[in-house]
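Encoded as C-alpha cells, the structure appears first; notes follow it.
Atoms within each ligand, like the ligands themselves, are counted from 1 in listed order. All values below come from the heavy atoms of this structure, side chains included, with hydrogens, waters and symmetry mates left out. No experiment lies behind these values; they were computed from the predicted model shown. Position 1 is the first residue of the sequence; numbering continues from there.
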Amino acid sequence: MSKAEFLPNRPAITAPALGEPFLLTPGPLTTSLATKQAMLRDWGSWDGDFNQVTAEIRQGLLVMAGISDDSYCCVPLQGSGTFAVEAAMATAIARDGKALVLMNGAYGKRAGQILDYLGRAHVDLDMGDYLPPEPEKVAEMLDADPEITDVFLVHCETSSGILNPLKELAEVIKSRGKGLIVDAMSSFGAVPLTVDQIPFDVMVSSANKCIEGIPGFGFVIIRRTLLEQSKGRAHSLSLDLFEQWQYMERTGQWRFTPPTHSVVAFRKALEQHQQEGGVAGREARYTNNRNTLVAGMRALGFKTLLEDQWLSPIIITFFSPEHPNFEFKRFYDELKARQFVIYPGKLTIAESFRIGCIGQIDERIVLQLLRAIADALDVMGVDQSSNT
Ligand SMILES: *Cc1c(COP(=O)(O)O)cnc(C)c1O
C-alpha cells in the first residue's frame, strides 16, 4: 500500500509544546499531544477500570503480532526494555540450556551479558558493528553444536540501525528445531513481525519505541506452552515472567506497582497506531522519514555507515564529518537550539552520530531538521562541499 492511502486518517503531527525539542532518538521519543494528555489523571492499580486498560493493551499487542488464538501470551513487565529482555531470557532458556547469541552491536552484546548474569551457557556469533549475521553461518554453527537449544537475535540493532534478515534467520533456526528469541524492541509496530511469517517463540519490545508510548514497561509475547513450562526457572523475584503472568491471569492486576500513567498513555498510543493504518501505516511514515533524511543528508555531504539494503526505517548512523571544525557536542547543541535532539553514535570504528526516524515526526519535520543541520554546519564553519 502506498503512503498516501494512510494520510487522510493520520492524526496531524503537531510540534511539541513551546521550547520542547523533537527527539530524533530511539526512545524515549516525541509522543503525540493526545498520548501526553492521557496521563492527566491518576489511576488505582487495583481498580477495575485500570485492569481493563491492561487487558486491552495485552490483547492489542497479540493482535499486532498476528495472534488470534490462545497459543501465545502477552506479559507486560515494569521497567525499561532491558528488564523485559532479561526476564524473557530467564524464562525461555532452561537452566541447563545453551544459547547462540547473534551480535552486531550493543544490544546483542548486552544479551550475552544478561546470560552471564543468569549463569546460562552461550556461544556468540559477533559480526562487529555493521554486518548482518549470515543465515548460512548460523546454520553451520547450529549443525556443529547440537547442545544449542535457543537462538537470540536483535531484529533492528539500534546501535547502528541495521535491520537484520529476520525471516531468513528464523527459517534456519526453526528448521533445526531451536527456540527463537527476538529482541524486536525498536522494530515492533513499524516493521511487520507476525507469527505466520516469523514463527518466534519469544518476542520482546517496549512501550516507548515504535508504538510511541512513554517509558515505563516492556512486554513479552511468548508461546504459551513455553511459558507454562517455565515455573521456577527465573533467577529473580521481580523479573519472574511466569509469576507475573499467573498473577495477571488470576487477578487482572500487575504483580507489583504498575507504571499506571505509562499504561494508559500506551492505550492511547495504540489507538493512534490503529488509526494510522497499523504497522503498514507506521512503516510507511517512518520509511518516508528515512528516505527524506538519507537523501537530504547525502546532499549535505554526509555518509551513512550502512549500505542502502541494510538501512532500517528506525534510526540511521551517519559518519561525523572529518572536517577539523566538526565537534559532536557543538553540533548537538546547535541542533538543540533549533529544537532538535539527536543521538550520539555507538561505533568503535569511527566517529558517528545517529538520527531517529521514529516518533511523532513526518517528512515536513525532517525537512526542517535538514535546514537546521545545514545552518549548524554553517555556523560551525564545516564545509563538506568537497565530499558531495
Ligand atoms: C531500546 C532497546 C532495548 C532496551 O533498552 P532500554 O534502555 O532498556 O529500554 C533493547 N534492545 C534494543 C534493540 C533496543 O533498541
Side-chain angles (χ1 to χ4, degrees), residues 23-31 75-90 92 99 101-115 117-118 124 126-127 129-130 132-133 151-166 169 180-191 193 198 200 202-221 236 238-239 241 259 262-263 265-266 269 282 286 290 305-306 310-317 341-347 353-359:
L23 302 180
L24 303 174
T25 60
L29 37 64
T30 297
T31 59
V75 190
L77 183 73
Q78 298 92 328
S80 84
T82 304
F83 292 56
V85 174
E86 187 162 337
M89 292 183 101
V101 182
L102 309 185
M103 302 176 174
N104 53 354
Y107 293 102
K109 286 215 169 72
R110 188 178 296 174
Q113 250 181 325
I114 289 172
L115 290 171
Y117 269 85
L118 296 180
D124 309 328
D126 190 347
M127 300 303 295
D129 275 340
Y130 56 91
V151 182
F152 173 94
L153 71 95
V154 180
H155 189 195
C156 173
E157 178 46 85
T158 323
S159 44
S160 66
I162 191 169
L163 195 60
N164 283 318
L166 178 57
L169 289 164
L180 170 59
I181 305 168
V182 183
D183 172 351
M185 203 70 64
S186 63
S187 56
F188 189 64
V191 182
L193 204 178
I198 312 288
F200 61 79
V202 183
M203 194 279 292
V204 191
S205 190
S206 79
N208 61 279
K209 303 228 174 171
C210 295
I211 299 168
E212 300 185 355
I214 69 145
F217 66 98
F219 51 88
V220 182
I221 296 181
S236 152
S238 54
L239 297 181
L241 207 63
S262 176
V263 173
F266 191 72
R282 191 137 299 177
Y286 289 176
R290 190 265 321 269
L305 165 73
L306 300 173
W310 303 118
L311 292 177
S312 66
I314 309 298
I315 189 165
I316 305 294
T317 301
V341 166
I342 63 166
Y343 217 52
K346 238 183 193 176
L347 299 183
F353 60 89
R354 291 176 287 169
I355 298 182
C357 308
I358 67 180

Worksheet item: What pairs with Glu212 under salt bridge (charged side-chain N to carboxylate O under 4.0 Å, His left out), at least two apart in sequence or on another chain?
Response: Arg282, Arg285
Discussion item. If the condition is ring pair (Phe, Tyr, Trp, His ring centres under 6.0 Å), which residues does Tyr107 pass it with, not counting sequence neighbours?
Written reply: none
Worksheet item: Ignoring hydrogens and geometry, is there a side-chain-to-backbone donor-acceptor pair from Tyr286 to Gly359 under 3.5 Å?
Response: yes
Could you list each N/O atom of ligand 1 together with any protein N/O atom closer than 3.5 Å, one pair per line with the distance?
residue: ligand 1; atom: 8 (O); partner: Ser80; partner atom: OG; Å: 2.5
residue: ligand 1; atom: 8 (O); partner: Gly81; partner atom: N; Å: 3.4
residue: ligand 1; atom: 8 (O); partner: Thr82; partner atom: N; Å: 2.8
residue: ligand 1; atom: 8 (O); partner: Thr82; partner atom: OG1; Å: 2.5
residue: ligand 1; atom: 9 (O); partner: Gly81; partner atom: N; Å: 3.0
residue: ligand 1; atom: 11 (N); partner: Asp183; partner atom: OD1; Å: 3.3
residue: ligand 1; atom: 11 (N); partner: Asp183; partner atom: OD2; Å: 2.6
residue: ligand 1; atom: 15 (O); partner: Thr158; partner atom: OG1; Å: 2.4
residue: ligand 1; atom: 15 (O); partner: Lys209; partner atom: NZ; Å: 2.7

Response to the item:
For Lys109, the salt bridge (charged side-chain N to carboxylate O under 4.0 Å, His left out) test, sequence neighbours excluded, returns Asp126
Worksheet item: Is the backbone N or O of Ala106 less than 3.5 Å from a side-chain atom of Ser159, with the two atoms forming a donor-acceptor pair by type?
Response: yes
Discussion item. Just so I know, are the side chains of Leu166 and Phe200 near enough to count as touching, which here means a heavy-atom distance under 4.5 Å?
Written reply: no
